[in-house]
Number of protein chains: 2
Amino acid sequence: MTIKDIAKISGYGISTVSRALNDHPDVSQETKDKIKQIAKENRFVPNSNAKQLKQQVSNCIVILVKGSFNLFFASIIEQMQTHISRLGYETVIHYLNEDENEVRMAEQICKEIKPLGITFLGGNPETFRKRFSNIAIPCILSTTSAQSLSFENLSSVSVDDVKCAKQAVDYLFAYGHTHIGIVGGNEDISCTSGLRFAGCRQSFQEHGQELTDQYFEQAHFNISAGYEAAKKLLQKNPQLTAIFAMSDMLAFGTIRAISDLGLSVPNDISVIGFDGIELANYYCPKLTTIRQPCENIAVSSAKMLVGAIHGTEQAQHLLLDAEIIEGDSVRSL
Amino acid sequence: MTIKDIAKISGYGISTVSRALNDHPDVSQETKDKIKQIAKENRFVPNSNAKQLKQQVSNCIVILVKGSFNLFFASIIEQMQTHISRLGYETVIHYLNEDENEVRMAEQICKEIKPLGITFLGGNPETFRKRFSNIAIPCILSTTSAQSLSFENLSSVSVDDVKCAKQAVDYLFAYGHTHIGIVGGNEDISCTSGLRFAGCRQSFQEHGQELTDQYFEQAHFNISAGYEAAKKLLQKNPQLTAIFAMSDMLAFGTIRAISDLGLSVPNDISVIGFDGIELANYYCPKLTTIRQPCENIAVSSAKMLVGAIHGTEQAQHLLLDAEIIEGDSVRSL
DNA sequence: CTGAAAGCGCTTACAG
DNA sequence: CTGAAAGCGCTTACAG
């Protein structure tokens, strides 16, 4: 069933059928009704390949997600999708592995499906610095700041990772802890864990401490990595009374590790996480964590991207605040 | 950059360029090399719309996922994807809301992108009964059995939900519990929770009990629903000493609810889950659960679908076994 | 308000 | 081994 068939059945020409189906204003209502009726009866679905081949641009916005599983991203994606479709665009979600290059993939997607814009979740600014100049459509980096880059078609929406991580560690200091460990983080400040690490370092310095190897253990942002890292950390530094885990998943792994060592949270060791996913609130103990403003990130990203697509908005870098959610995983010393 | 441009640059005709790029055997190696080199230099990416419009069928397999967020599905999707691409096909993932009709969506997708096959995650057999006859390509229902249906192009891979749920409740009885509650489930045996509920009922009967309203509370399969349902259940039936939650997420919500009521798991109340997601192993307490064989479901689904696409396999319904993972959330009475 | 015609970028029978 | 031509299903300037 193609528009040609509908043209034949209806007696109209194919151009009129096309216009009627797309609700062009210059087709009489009567004609539209007839044609739409026939399309409906025959369960006509337009061939999107033909449509897009002809139109050169699609109506779609791509959400490019790095890291296939991440509850934090999940809730953002969901809301983003809802919002984008409310604004009248289709959305295509594409997942990449951690080791794939998101910008290269974006280049390919641009050539293949010609989207109007792209939002990146979990991208690395360094990758953007190197290759993003190949991309011409409006893009937005969500949950990571692109402030340090200055592409005129790249905006970003995120929390200030340095500040928020500092906030987390400050919180532990404020509760009287002086032996604080960090799960996650590294020296590379171009990525999220590097930025959060920098925040930790600041907090340490302000409290007259130096953040040495003794106090942190790197980990990818998943639960089993958190478990392993926490175990190592507690082995090399048994005096710790509190741990900042750089994501809630890391925090869950950390708490499990602490339990497996025969210790309890928060009685022996306090734990604070980062992200504020729904599960944090249902974990036992309820996790104290830095809650990123998911809805705001999702909605702002969608709005800014659509603004940029309309050409009404310039690239900008939105830094949002996070709030501390107090659970039962931190106690004062 | 199109193949026309490459034809111009290389001096060959566009048909030769097309054939070279697609590695057709009737193009000399030399020509192929030259053309591919030029394509590479110019970062040529074929326009997939044009390609598919012409080819009429794509090379892709669609994974249609109902319910946008579900850690259990997540790990299956990931493995399925890996496996499908290893078998030489592209994969497109499409998420639907709970209230959308998966089969109707599949019909549309068939017309739009003409996939070779579809795997459904989280589909409802009843929906298939009504509309699936409209679909002509090989499909597979994963994690839910389509045994009761007899479409020659619809296979399924799943555990036996009735049996596995019975296993869970039997386990609690075996540990001496006699007041067992169920979180989730309903009378509609066309869906997963209905099947599991039927298994619970069987177990109750075999142990000389009747599964009345007093013993269960319905809940959608998410953590907050589990929390609410468990609270209600314990309110209306305070004598319970054990609960079977029909998914791990429900179990987490249940455990949190128990804690909030000032009781402890497993000392006051034992809890067993269903699915066996990674998180279950990192929850506190470690969750005892019925582990579905994710890899096997993923791999078998992929294999069976590809077999059906090749026309070498008939529709079949694979029922896999689940195993009990013993955590620390059940104690003997 | 409607239609005939061109063309989007590709593939593939057909001819050489 | 290579090329000219037709055609996939749509949209849209152009003409009426």
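So you know, we letter chains A, B, ... as the sequences are listed, proteins then strands, and number each from 1. Owing to the predicted nature of the structure, the values given are computational and were not obtained by experimental measurement.
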For this session: Verify the distance criterion only: is there a donor paired with an acceptor across the side chains of A:Asp33 and A:Gln29 at less than 3.5 Å?
Result: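 A:Asp33 vs A:Gln29: donor-acceptor pair found between side chains.
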
Exercise. Are A:His317 and A:Ser145 linked by a side-chain donor-acceptor pair shorter than 3.5 Å?
Worked result: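 Per modelled atom types, A:His317 and A:Ser145 side chains form no pair under 3.5 Å.
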
For this session: Determine the contact category for B:Thr2: base if any of its heavy atoms lies under 4.0 Å from a base atom, sugar-phosphate if only primed atoms, P, OP1 or OP2 are that close, otherwise nothing.
Result: sugar-phosphate

For this session: Scan A:Asn22 against the nucleic acid and name what it touches under 4.0 Å (heavy atoms): base, sugar-phosphate only, or nothing.
Result: sugar-phosphate

Problem set entry | P gap between D:dA6 and D:dT2, integer Å |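 D:dA6 and D:dT2 have their P atoms separated by 23 Å.
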
Problem set entry | P-based separation of D:dC1 from D:dA5 [nearest Å] | 24 Å

For this session: Tell me the partner of D:dA13, counting only Watson-Crick (N1-N3 plus N6-O4 or O6-N4) or G-U wobble (N1-O2 and O6-N3) with both under 3.5 Å; none if nothing fits.
Result: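 Partner of D:dA13: none.
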
Exercise. For D:dA4, which nucleotide is its Watson-Crick or G-U wobble mate, given both distances must be under 3.5 Å?
Worked result: none

For nucleotides 13-16 of chain C, give me every protein contact, N/O to N/O, under 3.5 Å, one pair per line with atom names.
from: C:dA13; atom 1: N6; to: B:Arg19; atom 2: NH1; distance (Å): 3.1

Exercise. Mapping B:His24 and B:Asn49 onto DNA chain C by nearest heavy atom, which one lands closer to the 5' end?
Worked result: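 Closest to the 5' end, via its nearest nucleotide, is B:Asn49.
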
Rounded to whole Å, how long is the line connecting atom [atom1] of [X] with atom [atom2] of [N]?
X	N	atom1	atom2	answer
A:Leu21	D:dT11	CG	P	8 Å
A:Asp26	D:dT11	CG	C1'	13 Å
B:Lys114	D:dC8	NZ	C1'	10 Å
A:Lys8	C:dA4	NZ	P	13 Å
A:Leu53	D:dT11	CG	P	11 Å
A:Lys4	C:dA4	NZ	P	12 Å
B:Ile14	C:dG9	CD1	C1'	9 Å
A:Met1	D:dC10	CE	C1'	15 Å

Exercise. Between B:Phe132 and B:Phe120, how do the two ring planes meet: parallel, tilted or perpendicular, split at 30° and 60°?
Worked result: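 Because their plane-to-plane angle is over 60°, the rings of B:Phe132 and B:Phe120 count as perpendicular.
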
Side chain of [X]: nearest nucleotide among [options]?
X	options	result
B:Ile3	D:dT2, D:dG9, C:dT11	C:dT11
B:Gln55	D:dG3, C:dT2, C:dT11	C:dT11
A:Ala50	D:dG7, C:dT2, D:dC10	D:dC10
A:Lys51	D:dT2, D:dC10, C:dT2	D:dC10

[N] phosphate, OP1 or OP2: any side-chain N/O from [X] under 4.0 angstrom?
X	N	value
B:Thr31	D:dC1	no
B:Ser18	C:dC10	no
A:Lys54	D:dG9	no
A:Asn47	D:dC8	no

Exercise. Are the ring centres of A:Phe221 and A:Phe72 closer than 6.0 Å?
Worked result: no

Exercise. Looking at A:Leu21, A:Asn22, A:Thr16, which hits side-chain contact (heavy atoms from CB on, under 4.5 Å) with A:Ser18?
Worked result: A:Asn22

For this session: Could you tell me whether a side-chain N or O of B:Lys36 sits under 3.5 Å from a main-chain N or O of B:Thr31, the two making a donor and an acceptor?
Result: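 Absent.
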
For this session: Keeping the roles fixed (side chain from B:Ser301, backbone from B:Ile297), state whether a donor-acceptor pair exists under 3.5 Å.
Result: yes

Exercise. Is A:Lys130 salt-bridged to A:Glu126, going by a charged N under 4.0 Å from an acidic O?
Worked result: no

